[in-house]
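Note sheet for the following structure.
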Amino acid sequence: FRLGGGVSYSVQKYTRSNAIGIPLINGKVESLDPYAKAGVSIELNFLYAMSLNIGTDYYLVFYNNKIFQTLHYYAMIGFRI
């Protein structure tokens, strides 16, 4: 089990155009947004040097006075050096 949090950096680039599609303004929005997460995973070690990590994380991202929620599933294979 794990709990955590941090800051998420995001960049959104856009181009505004007029009614007939001619690009007029290029812009960019950058933000640093706090997030919190909770997750669970299991790690299986086999053949001494290999491991398999399977889990899920639940994220809450606080962006522009709104809360976005997501589940992140993963499976990773690792090798010990």
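Heavy-atom neighbours of Y48 OH from other residues, nucleotides or ligands within 6.0 Å: at or below the threshold of 12.
Evaluation of the salt bridge (charged side-chain N to carboxylate O under 4.0 Å, His left out) test over residues 2-27, restricted to residues two or more places apart or in two chains, returns R2-D57. The stretch residues 68-81 participates, sequence neighbours left out, in no salt bridge (charged side-chain N to carboxylate O under 4.0 Å, His left out) pair at all.
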Donor-acceptor pairs under 3.5 angstrom involving side-chain atoms of residues 60-69: please list them, not counting sequence neighbours.
unit_1	atom_1	unit_2	atom_2	d
Y63	OH	Q12	NE2	3.4
Q69	OE1	Y58	OH	2.7

Quiz: residues 28-40 side-chain donor-acceptor pairs under 3.5 angstrom, not counting sequence neighbours:
unit_1	atom_1	unit_2	atom_2	d
E30	OE1	Y9	OH	2.5
S31	OG	S10	OG	2.9
S31	OG	D33	OD2	2.9

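Annotation for Y74 and T56: closest pair CE2-N, 3.9 Å, computed over non-hydrogen atoms.
Other residues sharing a hydrophobic cluster with I77 under the 4.5 Å side-chain heavy-atom criterion for ILVMFWY residues are I42, L44, F46, L47, M50, L52, I54, F79.
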